[in-house]
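A note on names: the letters A, B, ... follow the listed sequences, proteins ahead of strands, and every chain is numbered from 1.
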There are 2 protein chains.
Amino acid sequence: MKGRRVSAKPTISDVAARAGVSKGLVSLALNDKPGVASATRLRILQAVEDLGFRASHAARALSSSKTGTLGLVLARRPEMLRADPFFPPFIAGLEQVIAPIGMALMLRFVSDVREEKQAYTELANGRVDGVFVTDLRQADPRPSLLAELRLPAVSLNRPSEDSRIPAVCLDDLPGVRTALDHLIALGHRRIAHVGGPQEYLHADRRRSAWAETLSAAGLPPGSWVESDFTAAGGARATAELLDAPHPPTAILYASDLMAVSGMAEAHRRGLSVPGDLSIVGFDDAELSAHLHPPLTTVRTDAFAWGQASASAMVALLGGGVVTDVQLPSASFILRGSTAPPP
Amino acid sequence: MKGRRVSAKPTISDVAARAGVSKGLVSLALNDKPGVASATRLRILQAVEDLGFRASHAARALSSSKTGTLGLVLARRPEMLRADPFFPPFIAGLEQVIAPIGMALMLRFVSDVREEKQAYTELANGRVDGVFVTDLRQADPRPSLLAELRLPAVSLNRPSEDSRIPAVCLDDLPGVRTALDHLIALGHRRIAHVGGPQEYLHADRRRSAWAETLSAAGLPPGSWVESDFTAAGGARATAELLDAPHPPTAILYASDLMAVSGMAEAHRRGLSVPGDLSIVGFDDAELSAHLHPPLTTVRTDAFAWGQASASAMVALLGGGVVTDVQLPSASFILRGSTAPPP
DNA sequence: TTGAAAGCGCTACCAC
DNA sequence: GTGGTAGCGCTTTCAA
């Protein structure tokens with residue numbers, strides 16, 4: 001027999017039949033579109049309720065060519081991802097704005113550029129409506145790839161090259177400048193830097209802000225080493241800096257993780273922090289405020305960044321003209337790991 | 001005119017036309033199904049290549065009722081998520097097995113049980129083919145919800161209640177037992193515990209393993225406090241333990257994050273670690289090996305857990321009979337934060 | 001305001 | 001082996 005199978009999910013046709021209207025009307029009512037008499041609308045909504053109807057995403061995606069999902073592809077080595085304090089709150093911020101409007105996030109982890117390209121290509125193929133571009137790199141291939149793929153995108157900060165991708169910007173510089181000004185005011189003259197891979201725009205920018213602030217203050221160029229955002233890397237870089245003939249009295253790190261392992265390296269050498277060596281991190285990780293001494297650092301609001309990025313994406317997909325958004329800059333968090341030089 | 005629009009994505013019909021065959025055959029060829037002459041198959045593949053054709057996910061999902069996506073919903077407070085060392089490698093493990101077969105992961109963050117239920121309900125509605133159930137809780141509502149939703153699932157460890165959900169199990173106990181045996185062998189008699197929220201099965205199990213091992217060794221019950229997996233919580237719990245009339249000489253924590261902030265709390269009180277207080281964490285976070293002293297801890301292979309979970313899911317969706325999988329147990333990592341009691 | 005019907009781009013079934 | 005055709009469950013015209 002052709003009757004309603006016992007436990008099959010109700011379809012829009014079932015709703016239409018029960019409400020005594022056509023499928024088309026049900027569709028209009030469900031999507032809050034105009035042109036449905038309110039009595040009819042009520043009847044339809046009642047039928048939806050009675051049947052426990054929920055529209056199929058797949059069907060909706062096919063006929064409207066909107067998936068209701070957004071993509072985030074993360075290209076990083078596992079160790080770098082492991083302790084990254086940025087993405088959890090960033091994603092939470094995204095979710096806070098997209099979940100209420102029925103959208104969801106698709107996540108991809110990739111380990112090299114080839115996989116990355118493939119991931120975007122697959123996502124562009126009817127899996128997502130748009131993607132967030134994070135961790136901008138030098139000569140980043142993604143803006144042009146995404147343009148080619150015609151995949152809407154929102155980027156975190158502005159890519160170096162021109163592109164039509166709207167950007168949600170958050171300036172790290174004020175935070176690191178304030179940190180350095182504080183160190184300089186304390187009397188430090190040899191302030192070193194442990195940076196992230198300079199391939200990343202943000203790592204490069206933090207390093208140049210450091211260099212420029214030193215120079216603006218009339219100090220000689222400081223020493224620095226390019227590290228990799230891992231704990232091991234931070235310790236190694238710190239050792240290298242401390243082994244130099246004229247070791248620094250303060251070190252600015254591009255991440256809290258590296259700063260903390262750098263602090264441990266200093267302790268291992270019998271140096272006290274901040275007595276013998278001042279340390280400034282970057283990120284304000286969950287742990288940082290609870291260390292001994294608590295870590296002086298620079299904070300970036302990843303949650304707000306997520307919210308703003310998601311809002312920009314929603315506006316973009318809605319066909320709006322999206323202009324760049326500027327978020328409050330990174331801020332300096334003064335805690336206990338900085339003091340006058342010995 | 002009705003011709004091919006200049007830049008529209010090619011469809012399966014375009015491929016069929018170019019190869020001079022029917023859509024059905026193209027579908028068979030694309031999905032490696034039998035019944036296509038190899039010469040024909042070659043011709044089809046060539047046409048696919050020429051046109052740069054990629055099958056639409058939405059269309060495939062609708063007609064096959066398989067989305068090719070898997071869901072992961074994380075219900076936790078933002079602070080707990082922020083520094084969680086488990087999910088990044090777990091997700092990387094999932095990706096390693098699902099990405100090569102064209103599947104992707106959909107992520108949802110929710111903050112309470114109501115949102116959680118809604119998230120699963122939405123995912124069940126044609127957004128994913130199955131979900132991973134993590135962070136099992138006491139009287140967890142999810143097994144029955146998922147059964148009701150008829151949403152295939154794989155859980156990490158076995159829910160307390162009976163359920164047909166296949167589980168991928170990893171036993172924490174051996175790791176914590178070995179850790180305690182080590183402490184006991186060192187001469188410790190007052191070994192305290194800072195646990196996670198006991199609502200979580202894994203937190204509860206770690207606590208009972210601690211209690212049982214003490215008792216099995218003939219020691220009196222130790223003191224413990226229920227904390228929340230945050231750095232602040234770990235420090236607070238440690239202070240409470242240390243303020244007691246007979247403070248412990250060693251503390252076993254349910255997470256590295258709590259252990260590290262506990263260590264800082266000890267330092268703040270002028271206690272040396274491990275001289276005055278021995279500390280054992282749980283997780284082996286990225287930072288832990290690079291602390292001073294390096295943290296003795298218990299390690300769980302989250303990446304392997306992800307791989308195994310994904311494999312179980314693939315088998316489950318493939319219609320196979322999936323039996324529980326047992327992974328190697330958590331292992332004890334002896335480093336520098338443990339020593340004989342003062 | 002409403003109904004009927006034509007797709008969206010695939011998969012799957014049934015003939016030949 | 002292969003071609004035709006009927007859906008999958010929606011959205012979106014176009015008439016009425």
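- Closest to the side chain of B/Arg60, from the set C/dC10, D/dC10, C/dG9, is C/dC10.
- One can place CG of A/Leu28 at 10 Å from P of C/dT2, the figure rounded to the nearest angstrom.
- The shortest distance between the side-chain N/O atoms of B/Ser64 and the OP1/OP2 oxygens of C/dT11 is not below 4.0 Å.
- With rounding to whole Å, B/Asn31 atom CG is found 11 Å from C/dC10 atom P.
- Of the candidate nucleotides C/dG3, C/dA6, D/dG4, C/dG3 has the atom lying nearest to any side-chain atom of A/Val21.
- In this structure, CG of A/Asn125 is placed 11 Å from P of C/dG9, rounded to the nearest angstrom.
- Atoms CZ (A/Arg127) and P (C/dG9) sit 18 Å apart, rounded to a whole Å.
- When all heavy atoms of A/Leu28 and A/Pro34 are compared, the pair lying nearest together is CD1-O, 4.4 Å.
- Closest-nucleotide positions on DNA chain C for A/Gly35 and B/Phe53 were compared, and the one nearer the 5' end corresponds to A/Gly35.
- With C/dT2, C/dC10, D/dG3 as the choices, the nucleotide that has an atom nearest any side-chain atom of A/Leu25 turns out to be C/dT2.
- For B/Lys23, the listed nucleotide lying nearest its side chain is C/dT11; candidates were C/dG9, C/dG3, C/dT11.
- Spacing between atom CG of A/Leu51 and atom C1' of D/dG9 amounts to 15 Å, rounded to whole angstrom units.
- For C/dC10, its base sits under 3.5 Å from the side chain of B/Ser63 at one donor and acceptor pair at least.
- The CZ atom of B/Arg43 sits 11 Å away from the C1' atom of D/dT2 (whole-angstrom rounding).
- Side-chain contact annotation: B/Glu199 with B/Gln138, donor-acceptor N/O pair under 3.5 Å absent.
- Where B/Gly24 and B/Leu62 meet DNA chain D, the nucleotide closest to each residue was compared, and B/Gly24 sits on the side nearer the 5' end.
- Comment: B/Asp84 engages B/Arg76 in a salt bridge, judged by a side-chain N to carboxylate O separation of less than 4.0 angstrom.
- Regarding contacts with the backbone of D/dT12, a side-chain N or O of A/Lys33 is found under 4.0 angstrom from either OP1 or OP2.
- Whole-Å rounding puts the A/Arg54 CZ to D/dG9 P distance at 16 Å.
- Comparing D/dC10, D/dT12, C/dC8 against the side chain of A/Ser56 picks out D/dC10 as the nearest.
- Minimum atom distance to the side chain of B/Thr40 is reached by D/dT2, of the listed D/dT11, D/dC8, D/dT2.
- Counting only residues at least two apart or in different chains, salt bridge (charged side-chain N to carboxylate O under 4.0 Å, His left out) contacts with residues 101-114 of chain B comprise A/Glu95-B/Arg108, B/Arg108-B/Glu122.
- Atom CD1 of B/Ile12 and atom P of D/dG4 are 14 Å apart (whole Å).
- Side-chain atoms of B/Val36 lie closest to D/dT2 of the nucleotides D/dT2, D/dG7, D/dC10.
- The stretch residues 16-27 of chain B participates, sequence neighbours left out, in these salt bridge (charged side-chain N to carboxylate O under 4.0 Å, His left out) pairs: B/Arg18-B/Asp50.
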